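Remarks on the structure that follows.
What you are looking at is a predicted structure, and each value in this text was computed from that prediction instead of being measured.
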Amino acid sequence: LKIFGASTEEAELEMHAVTTEGANVMEGTKMKNGELNTSRTDSPAASATKMSKKKQLRERSASVSSHDSISDGSYTESSSDEEDGSPRENVQKNSKGSTDFCIKRISQHNYGRREIEIAEQEMPGIMALRHKAKEDKPLKGARIVGCTHINAQTAVLIETLIHLGAQVRWAACNIYSTQNEVAAALAEAGVPVFAWRGETEEDFWWCIDKTISAESWQPNMILDDGGDATHVMVKKYPAIFKLLKGVVEESVTGVHRLYQLSQSAKLCVPAMNVNDSVIKTKYDNLYSCRESIIDSLKRTTDIMFGGKQVVVCGYGQVGKGCCQSLKNMGCVVYVTEIDPICALQASMDGFQIVKLEKIIRQVDIVITATGNKNVVTRDHMDKMKNGCIVCNMGHSNTEIDVLSLKTQDLTWEKVRSQVDHIIWPGGKRMVLLAEGRRVNLSCSSVPSFVVSITAATQALALIELFNAPSGRYKADVYLMPKLMDEFVASLHLSAFEANLTELTEEQAKYMGLSKTGPFKPNYYRY
């Protein structure tokens, strides 16, 4: 694959990674275990509790931290309920007669296609990659199982992979984030997609299984978001897993699970850690969340931010983005942190570091962004003021202990889609958004431009792993090479009419750099 860097000179992209420390700046390096972000890693299990069809309690699968039985609480319908139920028994056909998909309604495909076309206009990087590499077909022969959010932006990625020669089968990594009309557009275009908004837990695992097990189909790559497809492959299809060319993972949670597999000697294929690449961490986690948190809260609650007291749990890149936008909107923002470095950053940025239990009675909004479990417990929620809004911005859906709210003494009242009132016996109401799942993907959207950055990185990682010569990668987890990060950034600069300064030969020699990059060593912190 030939690409163009910051200069106009054509260059071959060298993207191989190494597993030894001290690699030069042209190479990626294996991530150290100590650099991992703590996250929940519990294995998925099917829910054992059944209620009436209308009031079935749905819990997101792979991330569930507890599978205890849920007692029948007092429910007036949860916001997760879907009127039409599961489409699994409905055989639908696209215009070409194919039935190899399972979505809500194929008739919605025209609306989904328009949304994809809008997203393409705001995703210059992934579209540029599509045009540059479509003749080379660098993914010809790749058979990719995808498990990500299914929306207009990821549809652009999926169709780009197809343009580059890949065959794909796709499922959703979140039961609430699927845009049904976009799934319909993909199905109409011939993509085997298995996803709809409001899946049950059983549906969720069934959909992932359909991407792996199909007639005349044997996958050789995985593109994952959260580790669910990888988990199913390891547990249910170990023989197929051993034959994969590689796994690409984009979330904190999924990366953590990959390291667990590696440490237990169960990871028998190479894996690329997209989440901790500079380009993804800075742009997807920081800039995207900085915009989408405000949009999510406005859409769901119509809240006025000025003067509101907000606590953000976690001051990583996601937490930083949330705090910046909330502060700019006039909120009084508090931060909880376990990491002294992140806590010092928050303090220097003007935020007070507190313990959640000390501030919980007075805040108006609670936002989790840690990737951990039980950050907000039932005891915290019992102490909240009337009308407090609670939501999650981290990948993990276990940050808020929603399971503890499904008891006899509390009443759930649906307000609107993805918005529930949890009512205490004394009349106090708590506003819970998206039942503790990612609020920006469940209740609003994310900026297409930022998704373009992540999508381009994912596509390049797939290309690298698929085309890597035998022996380049071992069964381990690798960070993205610096040169790849810089290339992805350069693909997006044209949208800003940005003109990069080029090093002279003398300057490049003085700094010990190549004129075409990479321009920073792997240890550089942006």
Side-chain angles (χ1 to χ4, degrees), residues 40 47 55-65 70 75-82 148-151 154 172-180 195-201 203-204 225-226 228 251 253 288-289 291-303 310 312-314 318-319 321-322 326 364-376 380-381 384 387-406 410 412-422 429-446:
R40 52 77 175 128
S47 173
K55 298 179 180 179
Q56 184 178 14
L57 301 177
R58 296 166 181 168
E59 288 303 318
R60 163 70 159 82
S61 46
S63 313
V64 177
S65 60
I70 306 171
Y75 288 82
T76 59
E77 190 173 35
S78 170
S79 65
S80 64
D81 293 329
E82 291 287 334
T148 67
H149 300 282
I150 295 181
N151 49 36
T154 52
C173 70
N174 185 295
I175 66 175
Y176 292 138
S177 65
T178 298
Q179 290 180 275
N180 287 331
W196 57 94
R197 190 179 184 89
E199 298 169 7
T200 64
E201 181 165 338
D203 292 335
F204 176 82
D225 184 348
D228 299 320
S251 75
T253 301
S288 174
C289 294
E291 296 193 16
S292 60
I293 182 59
I294 299 297
D295 185 36
S296 302
L297 290 168
K298 280 285 189 185
R299 287 187 190 222
T300 52
T301 65
D302 306 314
I303 191 172
V310 184
V312 176
C313 301
V318 173
C322 293
L326 291 164
D364 303 290
I365 305 172
V366 178
I367 301 169
T368 56
T370 69
N372 212 326
K373 62 184 289 187
N374 295 337
V375 177
V376 177
H380 291 134
M381 292 181 277
M384 290 176 182
C388 184
I389 299 168
V390 182
C391 64
N392 171 46
M393 282 290 288
H395 183 83
S396 168
N397 68 317
T398 57
E399 300 203 33
I400 303 165
D401 188 9
V402 176
L403 195 65
S404 69
L405 298 174
K406 295 176 177 179
L410 301 182
W412 285 56
E413 180 180 79
K414 180 177 179 178
V415 179
R416 58 176 72 162
S417 178
Q418 304 300 328
V419 183
D420 290 298
H421 275 168
I422 316 300
R429 292 171 180 251
M430 183 189 85
V431 183
L432 179 64
L433 305 184
E435 294 191 22
R437 293 172 175 85
R438 283 185 64 177
V439 70
N440 58 340
L441 286 168
S442 299
C443 301
S444 64
S445 60
V446 295

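- Between Leu441 and Asn174, the closest side-chain pair of non-hydrogen atoms is not below 4.5 Å.
- No side-chain heavy atom of Ile303 sits under 4.5 Å from any side-chain heavy atom of Asp364.
- Taking CG of Leu432 as the start and CG of Leu405 as the end, the distance is 7.0 Å to the nearest 0.5 Å.
- Atom NZ of Lys298 sits about 12.5 Å away from atom OG of Ser296, to the nearest 0.5 Å.
- Under the 3.5 Å distance criterion, with hydrogens and angles disregarded, a donor-acceptor pair is assigned to the side chains of Asn151 and Thr154.
- Between Asn392 and Thr368, the side chains place a donor N or O and an acceptor N or O closer than 3.5 Å (distance only, hydrogens not considered).
- Closest non-hydrogen pair, Gly436 versus Ile400, comes out as CA-CD1, 4.1 Å.
- Using a 4.5 Å cut-off on side-chain heavy atoms (C-beta onward), Lys406 and Trp412 make contact.
- The side-chain heavy atoms of Val431 and Val419, taken from C-beta on, include a pair separated by under 4.5 Å.
- Nearest heavy-atom pair across Tyr176 and Ser442 is CB-OG, 3.9 Å.
- To the nearest 0.5 Å, atoms OG (Ser444) and CG (Leu297) are separated by 9.0 Å.
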Decide yes or no on side chain to side chain contact (heavy atoms under 4.5 Å, CB included) for Thr200 and Ile175, but give the supporting numbers first. CA-CA 7 Å; Thr200 64; Ile175 66 175; over 6 Å; no
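- Closest non-hydrogen pair, Asp420 versus Lys414, comes out as OD1-CA, 3.7 Å.
- Ser251 contributes atom OG, which lies 8.0 Å from atom NE2 of His149 (distance to the nearest 0.5 angstrom).
- Taking all atoms of both residues into account, the shortest heavy-atom contact from Asp401 to Met381 is O-CE, 3.6 Å.
- How far SG of Cys289 is from CG of Asp295: 12.0 Å, rounded to the nearest 0.5 Å.
- Heavy atoms only, all atoms of each residue included: Met393 and Arg438 are closest at O-NE, 4.2 Å.
- The backbone N or O of Val376 sits nowhere less than 3.5 Å from a side-chain atom of Glu399 that would complete a donor-acceptor pair.
- A heavy-atom distance below 4.5 Å is not found between the side chains of Ile365 and Val312.
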If you apply the rule side chain to side chain donor-acceptor pair (under 3.5 Å), what do you find for Gln418 with Thr300, and how did you get there? CA-CA 8 Å; Gln418 304 300 328; Thr300 52; over 6 Å; no
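- Across all non-hydrogen atoms, the minimal contact from Ala369 to Gly319 is CB-N, 4.1 Å.
- Annotation: side chain to side chain contact (heavy atoms under 4.5 Å, CB included) contacts of Arg429 (sequence neighbours excluded): Asn386, Glu413, His421, Ile423.
- Atom SG of Cys388 sits about 12.0 Å away from atom CD1 of Ile422, to the nearest 0.5 Å.
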